[in-house]
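Here's the structure we're looking at; comments come further down.
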Amino acid sequence: MLDPFGREARKIVKDEFGGITELLMVIPSYVGIDAALERVRWINSGEVPKGILELDDVRDLLTFYALLGALAFSPYGLEMELVKEASLGIYSLKIETAETMEGTSVPLEAVRGDYIPPRDRAILERTHHTELSPEEKKNLRLEYRIHLSKFLELWDGSLKEVYIRKGYAYLTRGQAVELWKRAFERNFDRAVNLLYEVRDELPGYYFRLYEELGKIAREHFKERLEKMGRAEAQPLRFDLFPPCVKMALGGVPAGLRNYAITVLLTSFLSYARICPNPPRRDVRIRDCVQDLSVVEKEIMPIIIEAGNRCSPPLFEDQPHEIKNIWYHLGFGLTDKPTLEDSGNSPWYFPPNCSKIRANAPELCKPDRDCRNIKNPLTYYLRKLYLENRKRKENEQAEGAENEGKGAGMEGEGK
Ligand code: SF4
């Protein structure tokens, strides 16, 4: 199996198992937890075990989806980074040694002889440059083409790097692999979001697998964790909130107030601040904090201010709504809660986007980051994840630049 999101894989999932959810239900009877973990355990050695590369297609798919199922419990956590990194390693290797990349999730087509005028080909592939080795020439060969509309969805490099003709982008194998990696990350993202919605229905097997993944991930990312601390409960980043939550924060008109403030904002802020990756839906606030200060000093003031910005202000004509807020936080109907009250009512989870659109369509004004998102909380987690990744890349680039400067100065001094 070259690509677990490719044509062939999709066909197996649909025809042989009846869909992704059905596939996840049968995986525990076929794949032991250790077998699934084999796919990530090699990561510190840097060498993919031969046995993983040689798995037959169905086994490969089952073990890969076992890990995806486990990630439903922590989208955008360290576990996801681990599985993504290991899976990219495995499938990149398979793709490198495969004869063709056709059939992967990127709609690539092998280039036929008459697609490119001979003069263009001679210039682009430097066919007459005798100083180039056969390997270098191979790397310059335009092997695939892809329709421009599909290409532009994935490519974020310069268009100058690519030969474009009659509505197609022509790619070397290296460029095609880069494009495939982007498609893989995007498909991975989509799958994790999709599974997040069904995690309550998943067998306990996946939670156990998730816990084991967590141990390996913490070991693998030890250095980073020591530097930054675990990216779980942390101060709220308002700039990364989804549009619906930003709208609720700004205050809304009468018909929307209760839904925007009590249902959406209360659940979103509390989970985002206290327990962004709840391991299960029946988690209580007292499972996540030692005292109520974070709720009383950070979360409640934001909710009350947003309620005051509504027109008319929510708590002026509905003062009892405060009790309802505590109810939605899991403390029962009260306005003087103690930590021990947590669990007297359910701690409401942020509603899915489909529910928001059905109950308060005015709140949903999606931006480009809402694509494939099923819940406002995953929108936020994804943005946090991307921010952390960007920061890490910048730090690495700065580190490399400083090293370069250091080396330059050493050279000058000699
Ligand atoms: S798509 Fe979801 S996250 Fe985005 S604005 Fe709509 S409800 Fe909010």
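Predicted model only: the values in this text are computed from it and were never measured. When a ligand or atom number is given, it counts from 1 through the structure's own listing order. Computed over heavy atoms, backbone and side chain alike; hydrogens, waters and symmetry mates excluded.
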message: Return the closest protein heavy atom for atom 4 (Fe) of ligand 1 as residue, atom name and distance.
response: C370 SG, 2.3 Å
message: I'd like to know whether the aromatic ring centres of F5 and F64 sit less than 6.0 Å apart in this structure.
response: yes
Short N/O/S contact of C364 with atom 4 (Fe) of ligand 1 (below 2.8 Å): no
query: Below 4.0 angstrom, N of the basic side chain to O of the carboxylate: do R391 and E387 qualify?
result: no
Identity and separation of the nearest protein heavy atom to atom 2 (Fe) of ligand 1: C353 SG, 2.4 Å
task: Find all atoms of ligand 1 within a distance of less than 4.0 Å from any non-hydrogen atom belonging to R357, and give their numbers and elements.
output: 1 (S)
Side-chain donor or acceptor of R382 paired with backbone N/O of C370 under 3.5 Å: no
- prompt: What part of P242 sits under 4.0 Å from ligand 1 if we count only heavy atoms: the side chain, the backbone, both or neither?
  reply: side chain
query: Do we see a donor-acceptor contact under 3.5 Å between the side chains of Y196 and N352?
result: no
message: Please verify the inter-ring angle class for Y348 with Y327; under 30° counts as parallel, over 60° as perpendicular, anything in between as tilted.
response: tilted
- prompt: Between atom 6 (Fe) of ligand 1 and C244, is there an N, O or S atom separated by less than 2.8 Å?
  reply: no
